[in-house]
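Keep in mind that the numbers below use all heavy atoms, side chains included, and drop hydrogens, waters and symmetry copies.
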Amino acid sequence: MPEGPELHLSSLFINDSVKGLIFSGEIHKSDVSKNPTIKWDVPFYTITAESRGKEMKLWLEEYTPKEGTQAMPPQKISILFRFGMSGCFKLSSVDEIPKHSHLRFFTAKNNADTIQVLNFVDFRRFGKWEVNVDWGSDRGPCPITDYENFRHNIVNNLENPAFKNKAICEVLLNQKYFNGIGNYLRAEILFRSKIAPFDDAYNVLCDWKHAAFYPIKTENGAAPSNQDPLYLCHAICSEVLKLSGGYDVETGLKENGSFEKWLQCYQNPHMKSLTDRNKRTIWFDGEPGPLVPNDSNIRRPKTKRRIVENVVEKSVTGVKARKRNVVTESTELQASSRIPTRRSPRFAHVLELKGEQTL
DNA sequence: CGTCCACGTCTAC
DNA sequence: TAGACCTGGACGG
């Protein structure tokens with residue numbers, strides 16, 4: 001779930017779904033969570049949210065029913081969340097607290113209305129929260145909400161060692177500059193910009209150093225070229241935000257399949273994949289580029305051969321089948337490409353489409 | 001049953 | 001630059 005767009009959608013979801021709700025009572029933490037207990041003892045409070053890259057802040061503000069009667073300004077605290085690999089927010093009833101809910105905010109009892117619960121759900125528990133802290137100091141501006149500063153922070157710091165002699169696919173995961181970009185976004189960004197994942201990051205980014213913030217329209221009004229990777233960091237996030245069809249994190253996006261259909265490269269069995277220096281899988285098309293680590297893709301050599309044979313066997317006929325064959329052979333020579341060993345259920349639709357094409 | 005893999009950090013040698 | 005931190009789904013035997 002959670003890269004920049006999901007964090008942003010979560011904040012939109014909370015601001016929308018919790019708008020007008022009054023919360024009350026203590027904030028409940030699961031027994032198993034190692035994150036801090038939140039001491040917050042006011043009769044009533046409201047919740048708002050904001051996101052920045054791969055972080056999200058909740059603001060809790062004391063609610064006083066009658067305006068102007070409070071002697072003191074309302075109390076306020078913030079909770080900074082990082083979602084890890086599986087964190088998300090879900091609204092539920094008291095009777096249907098989701099499994100793996102680790103932090104719960106309860107609405108006040110209110111005659112007619114049933115109590116609702118805002119849950120931080122995180123089945124792998126890599127997610128973290130901290131109370132009353134600022135955004136992570138080692139994280140850059142948000143490509144979604146602060147694109148211009150995001151871009152400045154990169155082009156003004158290109159001489160930093162973070163960009164020197166590094167593969168662009170690895171630099172794209174450096175949250176000091178690419179806060180919010182994760183493994184699926186880097187694949188989609190590089191795929192659309194037609195940049196080889198293991199090209200030198202400094203060289204690549206220097207090419208776009210003086211480009212316009214937004215692609216410039218051609219004179220005849222034709223669509224501008226959108227291959228600027230920095231612009232794509234913003235634009236591709238925006239596409240994901242639009243997919244949900246509103247802020248409905250529950251039924252939108254990942255659960256209705258629109259996200260899977262939107263992905264062009266990530267975990268697509270027709271693409272190539274390699275592991276980067278941090279053993280993270282990068283999905284790509286075409287040439288890998290010069291900075292492929294020596295040990296990339298030697299993780300499961302035993303199964304690889306068998307998988308390659310399976311793939312060729314199943315590729316029946318047609319251009320794609322031949323193309324595929326070439327791909328596997330050339331990467332075998334390099335001893336550095338991984339053929340997806342399983343197809344993700346997420347890509348069932350791709351395979352279906354392919355079936356239609358080859359029939 | 002077992003192994004591998006997953007939208008991400010962290011920190012310890 | 002490994003591992004650690006976690007749960008669970010897909011797949012293999």
Exercise. Are S86(A) and D122(A) close enough that a side-chain donor and a side-chain acceptor fall under 3.5 Å?
Worked result: yes

Seminar exercise, completed: From CG of N35(A) across to P of dT9(B) the rounded distance in Å is 15 Å

Problem set entry | Any R280(A) side-chain nitrogen or oxygen under 4.0 Å from OP1 or OP2 of dG8(B) | yes

Exercise. Closest to the R124(A) side chain: dA6(B), dT9(B), dT1(C)?
Worked result: dA6(B)

Exercise. Taking the side chain of E3(A) as its heavy atoms from C-beta onward, which of dG8(B), dG8(C), dC5(C) lies nearest to it?
Worked result: dG8(B)

Exercise. Taking the P atom of each, how far is dA4(C) from dC4(B), in whole Å?
Worked result: 15 Å

Exercise. Out of dG8(C), dA6(B), dG8(B), which nucleotide sits closest to the side chain of K99(A)?
Worked result: dG8(C)

Problem set entry | Y202(A) and its side-chain hydrogen bond (donor to acceptor under 3.5 Å, both in side chains) partner, picked from E159(A), K164(A), K166(A) | E159(A)

Exercise. Looking at dT1(C), dC10(B), dC7(B), which one has an atom nearest to any side-chain atom of P2(A)?
Worked result: dC7(B)

Exercise. For R82(A) and dC10(B), is the shortest distance between a side-chain N/O and OP1 or OP2 below 4.0 Å?
Worked result: yes

Exercise. Under 4.0 Å between a side-chain N/O of T281(A) and OP1 or OP2 of dA6(B), yes or no?
Worked result: yes

Exercise. Taking the six-membered ring for Trp, is the centroid-to-centroid distance between F120(A) and F105(A) below 6.0 Å?
Worked result: no

For this session: Determine the interatomic distance between P on dC1(B) and the same-named atom on dC6(C); round to the nearest Å.
Result: 22 Å

Exercise. Within less than 4.0 Å of OP1 or OP2 of dT9(B), is there a side-chain N or O belonging to K54(A)?
Worked result: yes

Exercise. In terms of side-chain geometry, is the basic nitrogen of D134(A) or K57(A) positioned less than 4.0 Å from the acidic oxygen of its partner?
Worked result: yes

Problem set entry | Nearest-Å distance for atom pair CG/C1', residues L7(A) and dG8(B) | 11 Å

Problem set entry | Base dC6(C) to side chain R125(A), donor-acceptor N/O within 3.5 Å cut-off | no

Exercise. Are side-chain heavy atoms of R82(A) and K54(A) found at a separation under 4.5 Å?
Worked result: no

Exercise. Rounded to the nearest Å, what distance is computed from the CG atom of residue N179(A) to the C1' atom of nucleotide dT9(B)?
Worked result: 12 Å

Problem set entry | K34(A) NZ to dC5(C) C1', straight-line distance once rounded to whole Å | 7 Å

Exercise. For the side chain of M85(A), counting heavy atoms from C-beta on, which of dC10(B), dG8(B), dT7(C) is nearest?
Worked result: dG8(B)

Seminar exercise, completed: Atom CG of L9(A) and atom P of dC7(B) are separated, to the nearest Å, by 19 Å

Exercise. Does Q175(A) place a side-chain N or O at less than 4.0 Å from the phosphate oxygens OP1/OP2 of dT9(B)?
Worked result: yes

Exercise. dG8(C) phosphate, OP1 or OP2: any side-chain N/O from H100(A) under 4.0 angstrom?
Worked result: yes

For this session: List the steps, then state whether side-chain contact (heavy atoms from CB on, under 4.5 Å) holds for L60(A) with T46(A).
Result: CA-CA 6 Å; L60(A) 312 190; T46(A) 56; over 6 Å; no

Exercise. In whole angstroms, how far is the P atom of dA6(B) from the CZ atom of F259(A)?
Worked result: 14 Å

Exercise. How many Å lie between CG on D276(A) and P on dC5(B), as a whole number?
Worked result: 14 Å

Problem set entry | Rounded P spacing from dG3(C) to dC5(B) in Å | 15 Å

Exercise. dG8(B) base stacked by F83(A)? Criteria: ring centres under 5.5 Å, plane angle under 30°.
Worked result: no

Exercise. Taking the six-membered ring for Trp, does F126(A) stack with dC5(C) (centroid gap under 5.5 Å, planes within less than 30°)?
Worked result: yes

For this session: Could you let me know what dC7(B) is paired to, Watson-Crick or G-U wobble, both distances under 3.5 Å, or none if it's on its own?
Result: none

Exercise. Is there a side-chain contact between N174(A) and F163(A), using heavy atoms and a 4.5 Å cut-off?
Worked result: no

Exercise. Which nucleotide in the set dG8(B), dC6(C), dT7(C) lies at the smallest distance from any side-chain heavy atom of F123(A)?
Worked result: dT7(C)

Exercise. What's the CG-C1' distance between N268(A) and dC7(B), to the nearest Å?
Worked result: 16 Å

